[in-house]
Amino acid sequence: MSSDLIDKSYEPHEVEKKWYAYWEEQKLFSADETSKNNHFSIVIPPPNVTGVLHMGHALNNTMQDILCRYRRLKGDNVLWMPGTDHAGIATQNVVERKLASQGMDRQQLGREKFIEAVWEWRAESGSAIINQLKRLGASCDWDRERFTMDEGLSLAVRKVFVQLYKEGLIYRGDYIINWCPRCRTALSDLEVDHEEQEGLLYHIQYPFPGSTKGLIVATTRPETMLGDTAVAVNPDDERYFNLPGQEIVLPLTQRTIPIIQDRYVEMSFGTGALKVTPAHDPNDFEIGMRHQLESIKVIGDDGKMTIEAGSQFEGLDRFVCREAVVAMLKEQGLLVRIEKHDHSVGQCYRCKTVVEPNLSKQWFVKTKPLAKKAIEAVEDGRTRIIPESWAKTYFDWMYNIKDWCISRQIWWGHQIPAWTCQKCNQLMVEMDDPAVCDSCGSKELVRETDVLDTWFSSALWPFSTMGWPDQTPLLKTFYPTSVLITGFDILFFWVARMMMMGIHFMDEVPFKDVYVHALVRDEHGKKMSKSKGNVIDPLEVIDKYGTDAFRFTLAAFAAMGRDIKLSESRVEGYRHFINKLWNAVRFSLMHITENPGAFNEKRISLADKWILSKVGQLTISVTESLDNYRFNDAAASLYRFVWHEFCDWYLEAIKPVLYGKKGEEEKAATIAVLWSVLKDTIVLLHPFIPFVTEEIWDKMPGTHGSIMKAEFPGGDKPLFQDPEAVSTMEMITGIITGIRNIRGEMNISPSKLLTASVQTDDGKKQEQIRTHQEMICSLAKLEVLNLSRTGDRPKSAATSLVEGMVVFVSLEGVIDFSKEEERLVKETGKIEQELSTVQKKLGNKGFMDKAPEDVVQKVQDQNNQLQEKLQKIKINLEKIQELQRS
RNA sequence: GGGCGGGUAGCUCAGUUGGGAGAGCAUCGGCCUUACAAGCCGAGGGUCACAGGUUCAAGCCCUGUUCCGCCUACCA
C-alpha cells in the first residue's frame, strides 16, 4: 500500500461531515427502550433555543459524549436525551427586539399572534444550537429530541402545577418580589445578579410635627421615601427610648408616619433610625407585616413613579425622581449629608436593568418540604455529587431555601392553569379547562395571564422528556438517569430543583450521580463575555483545528474542581496530537495490507509483548478514569501511550522487522500485533476523538461497520499482561537512552555510528542484551554492541549507568574528554545529593524503628544502588582524567 | 458578613489513603534518521505562597498569616 491512500496530514472537515451523517443515518445513537442490557442514561442540560453554542456547552457536551460513547463501546444500552429549553424571558426579548425593528410591539400584536410569532421564530432559528451540537460530535438520540414547550412536556408541567397546588405546595399571594421594569416581569431570587457598586448614602432629616428637630434616617434610595409608612428604631436603643408611639413628618408629602420599634434595626448603622418602605424593600416588607403597616407603591411596574408618589413626581423615572427628591430635600434644608457608600445592587440576569423590589400578586412554590427530601437523598448517597465539595454548597442553599416565585408576567411560556370567577372570586386550578365556576356556577371565568418560570419546566426535564405522566417503557428503562453533567452555575437554578421535583413526582432521585464541572475561562482566567470581547467561539475553533483536537483539549484540561483556562494555542497543541496519531496510522497501514488475524503469543517479540502489556494497562487506566469522571487523567494516559510509547518506542523498534530484516515469519507476527494494538488504541480513543478514529477504523483492514459497534479492548477476556517483558524492555530502552544521552550531551552527530559495550556480570541480563542487541543497535545508532565483564573497559569511552550496568560508548576519534569529564562530575554531584537524603533517613533511628518494613527496605535498596552507581562513576571519572593527562 | 476553591518549573496545570517533585507548552543544543519539521534526539529549569504544628517522614494532615478568584447574604 502506498501512502497516497492516506493523506500526509489529517484534514478534519470532510471527514467530520461524512461520519456524522453516517452515524445518524445508521441510527447509531438510538437507545433501545425495551432492552434488558445494562442501561446508561443522561439527559442533556437543555440549551436555550435562542442560544448559540459557547464554550460552556462545548465542555459540558463533550464530557457527556465521551461518557455515552464509552458506555456504548462497553456494550451498555445508552440513552442520551437531547432537547432545548424555551427560555421564556430570553426568547421573548429576542422576538420583541425583532418586532421593534419592524416598528411593532407585542401589545399591538396581541398575545396569540405574538406567541405564533415566537413559534415561527423558533422554527426558523431554533435548531441552530442543535446543529452546532452535532458539529461537536454529540451522539444524542436525536429522534427523541424534546422541547420544554412541546405538548407532552406542557402536559407534565400542568400536571405538576395542579398537583402541587392541590397539595398546598403552590400558593398565590401578595408579596414583595424582584421586578424587572424593563422585562416587566417578576423574577425569582436566583434570577437577580448582585453587583457591588459605588453608591451614595443620603442622610435625611424627618422632622417631628411642628418642630425643626427630628430624626435622621439614612438611605441609598431617597426616592423610596415617598412610600415610607414608618420609621423604625431598635427597642434597645437608649437614644430613642421615648420616641415610639410618636409620629413624625414625612418630608415632601402631607403625611405623618409612626415611629415603631423593631429588632431588625441595626443600632450601629447610620443614626440607628430606619425608614420603612414596605412596598419597595424586602426587609421593610417584613417589618410592615409585623407591624401591620400600610404598603404604598410609589414605583410602578414600568419603573416610573406612580400617583402615590405625589403629583410633582408622578411619571418620573425612578432614577430621575431620586435626583428630584434630593434636590427638593436640599432646598428644604432636610438633606443632612451625603456619604459614599458601596453596596450591592441587584440586576436582572437577562437584561442587566436594576431590579426593583416590588409588591405584587404572584405564585410561589413552598419549597421547604420539597427541599427536605432532596437534602436527604444526597445525605444518604442516593445521589452523589461529584466533586464532593459541591455537596456542601448544595446543602447550604437547600437548608436556607426560600419560596420560589414561579409566575412571570410575560407571554412566552406555560400559561398558569388557574381561573378566577368574576362573580364570586373563586380560584380554580385544574387539569381540564373549567367551563363554569365550581362554587357559584358562573361562566364568567378569567384565566390567569401569567406564565411559569422557565426553570419550572426544566425542573421536570429528567422525567418529562421520557413521557411522564405516562408510565412509558422509556421511563421504566432509563429513569433514574445514571449521571447529570452540568456546570456549577446552574446547581441551584436547575439541579436542586430537579432533585426536588424528581423525588416528589417519581419517588426516586432523578440521577445517581451529579458531576459538576468547571467553567471555561479565557487564558487569563477571566470569565468569557461578549462585553469583555474575550469570547472564543467554539465553532471557529472547530473550523480551524477540527472537532477532535478541540474535544481532546477540553478533556485534557477538564481536571476536577478547577476552571479551565482556554486559549487557541492549546487547541493547536492537541491538533499536533491528532496529526501524530494520523501519521502513526498512516505508517502502520503501509504495512498492514490485510486483516492479519490473531497473533500467536508464542511467536511474538519482546517489543510486541511490551506494547501489548502497555495497551492492557492503558485500557485499565482509561476505564478507571472514566468511571470516576477523571477525564483529564484518561486523556493524559491516552496521549502518553500514543505518543511516547506507541510512536516513540514501539514503531521505532519494529521498523527493522517491518522492513523484512528479520524474516517473513517474524514480520507477520509483528504485523498482527501492530494491527491488534492499533485497533484497541483507536477504540480507546474513540470516545474522545470520534471522527478521526472512525476514519481510521474505516481505513483499517479487517474492521467492519462503525467503530461505534466495536468491542472495547479485552471484552470478557483478560487483558494481555507480561510483566517480565515489560521489565526487560525497560532495561533495553534504558540502555538505549543512556547511549543517546551521551550522544546528545557530547554533540555527537546522530548520523555517526558508534561502538558501545555493556558491562555486567549478570548472566541473565547478558543473555537478554544479546538477544535484543539488534534493537539496541538500531535505536541507539550503533555499529557494534559488545558485552563485557567487570574489569573490562574500553580505552577511551564515555559512560552511563543503567540498572547497575555500565554502558560504555567508545569515544575514539569522536570527542574531547573534558566534555565527558564535565558530564561525569555533574552526574556524581547528582548521585551524591540523592545519596545524602537517603542516608539521612537510614541514619534516623526513628525512621528505622517506626517506618513500615517495606519502606525501609526500599530506602536500603536505593542506598545500595546509589553507592554502587557512585563507585562505578568515580572509577570512570578517574579513567577519563587519566586519559586527559596522557 | 458567611462559604468554597486556588497559590507547585518562564507559562498553563497534574500530583486519589503522608514514604524517591511530574506533564504539556515555552527555552537551549543537535538533527530534513523514508509516518509525522504539526516531526526526531537530548538538556536546563522548582525554598511546592509565608509562619508554626503533628509525624520517623508533609506539596499532601492541623493552626495562623497573606494574596487571587468565585459563590452567597436583608446593614438601610
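A, B, ... follow the sequence lines: proteins, then strands. Residue 1 opens every chain.
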Return yes when atom CD of Glu774(A) has more than 12 non-hydrogen atoms of other residues, nucleotides or ligands closer than 6.0 Å, and no otherwise.
no
Is the CD atom of Glu388(A) crowded by more than 12 outside heavy atoms at less than 6.0 Å?
no
Below 4.0 angstrom, which residues in residues 844-855 of chain A have at least one non-hydrogen atom near RNA chain B?
Asn844(A), Gly846(A), Phe847(A), Lys850(A), Ala851(A), Pro852(A), Val855(A)
Quantified in whole Å, what is the P atom distance between nucleotide A9(B) and nucleotide G45(B)?
14 Å
What's the gap between U47(B) and A21(B) when it is taken at their C1' atoms, as a whole Å value?
13 Å
For the pair made of CD in Glu568(A) and C1' in U12(B), what is the distance, rounded to whole Å?
16 Å
Counting the atoms with a prime plus P, OP1 and OP2 as sugar-phosphate, which does Tyr639(A) contact under 4.0 Å by heavy atoms, base, sugar-phosphate, or nothing?
sugar-phosphate
Could you tell me how far apart Ile401(A) (CD1) and A73(B) (C1') are, to the nearest whole angstrom?
15 Å
Regarding Gln860(A) and Asn864(A), do their side chains bring together a donor and an acceptor under 3.5 Å, going by distance alone?
no
What one-letter contact string describes nucleotides 37-44 of chain B from 5' to 3', where B marks a base within less than 4.0 Å of any protein heavy atom, S marks contact via sugar-phosphate atoms alone, and - marks no contact?
SBSSSSSS
C75(B) and U12(B): how far apart are their P atoms, nearest whole angstrom?
35 Å
Separation of atom CG in Asp396(A) from atom P in G2(B), rounded to whole Å
14 Å
When Watson-Crick pairs (N1 to N3 and N6-O4 or O6-N4) and G-U wobble pairs (N1-O2 and O6-N3) count only below 3.5 Å on both distances, what is the dot-bracket string of RNA chain B, with | for other-strand pairs?
(((((((..((((.....[..)))).(((((.......))))).....(((((..]....))))))))))))....
Rounded to whole Å, how long is the line connecting atom CZ of Phe285(A) with atom C1' of A76(B)?
18 Å
Taking any heavy-atom pair under 4.0 Å as a contact, classify Thr393(A): base, sugar-phosphate, or nothing.
nothing
Can you tell whether the side chains of Lys275(A) and Asp284(A) come within less than 4.0 Å, N to carboxylate O?
no
Under a 4.0 Å threshold between the charged nitrogen and the carboxylate oxygen, would Glu820(A) count as salt-bridged to Arg823(A)?
yes
Heavy atoms only, 4.0 Å cut-off, all strands: where does His644(A) land among base, sugar-phosphate and nothing?
sugar-phosphate
When the C1' atoms of C28(B) and U34(B) are considered, how many whole Å apart are they?
29 Å
Can you tell which of A35(B), G20(B), A76(B) lies closest to the side chain of Tyr659(A)?
A35(B)
Using atom C1' in both nucleotides, what's the gap between A26(B) and C13(B) to the nearest angstrom?
14 Å
Side-chain donor-acceptor pair present, Asp228(A), Tyr206(A), cut-off under 3.5 Å:
yes
Out of G5(B), U12(B), U34(B), minimum distance to the side chain of Ser389(A) belongs to G5(B)
Can the ring centres of Tyr349(A) and Phe493(A) be said to be less than 6.0 Å apart?
yes
List, one per line, each side-chain donor-acceptor pair under 3.5 Å for residues 840-847 of chain A, sequence neighbours excluded.
residue, atom, partner, partner atom, Å
Asn844(A), OD1, Gly846(A), N, 2.9
Asn844(A), OD1, Phe847(A), N, 3.4
Lys845(A), NZ, Asp849(A), OD2, 3.0

Between U17(B) and G52(B), how many Å separate the two P atoms, rounded to a whole number?
27 Å
Would you classify Lys840(A) as touching base, sugar-phosphate or nothing, given that sugar-phosphate means primed atoms plus P, OP1 and OP2, and contacts are heavy atoms under 4.0 Å?
nothing
Side chain of Ala584(A) (C-beta onward), nearest among G29(B), A35(B), A76(B):
A35(B)
What is the nucleic acid contact for Thr220(A), judged by heavy atoms within less than 4.0 Å: base, sugar-phosphate only, or nothing?
sugar-phosphate
Please state the P separation for the pair C31(B) and C68(B) - nearest whole angstrom.
48 Å
Using atom CD of Glu339(A) as one end and atom C1' of C75(B) as the other, report the distance to the nearest whole Å.
13 Å
His194(A) has its side chain closest, among A73(B), G20(B), A14(B), to A73(B)
Name all residues meeting the salt bridge (Lys or Arg N to Asp or Glu O under 4.0 Å) criterion together with Glu624(A); count only those two or more places apart in sequence or in a different chain, and write none if there are none.
none
Nearest-angstrom distance from the residue atom CG of Asn628(A) to P of A14(B):
17 Å
For the residue pair Tyr545(A) / Glu568(A), report whether a side-chain donor-acceptor contact shorter than 3.5 Å exists.
yes
Which value, in whole Å, describes the distance between the C1' atoms of nucleotides G24(B) and U63(B)?
36 Å
Once you apply a heavy-atom cut-off of 4.0 Å, does Phe395(A) come out as touching a base, just sugar-phosphate, or nothing?
nothing
Angle class for the Tyr10(A)/Trp582(A) ring planes (parallel below 30°, perpendicular above 60°, tilted otherwise)?
tilted
Glu695(A) bridged to Lys699(A) by N-O distance under 4.0 Å:
yes
Phosphate OP1/OP2 of A35(B) contacted by Lys655(A) side-chain N/O (<4.0 Å):
yes
Charged tip of Lys655(A) within 45° of Phe587(A) ring normal and under 6.0 Å:
yes
The side-chain hydrogen bond (donor to acceptor under 3.5 Å, both in side chains) partners of Asn741(A) (sequence neighbours excluded) come to none
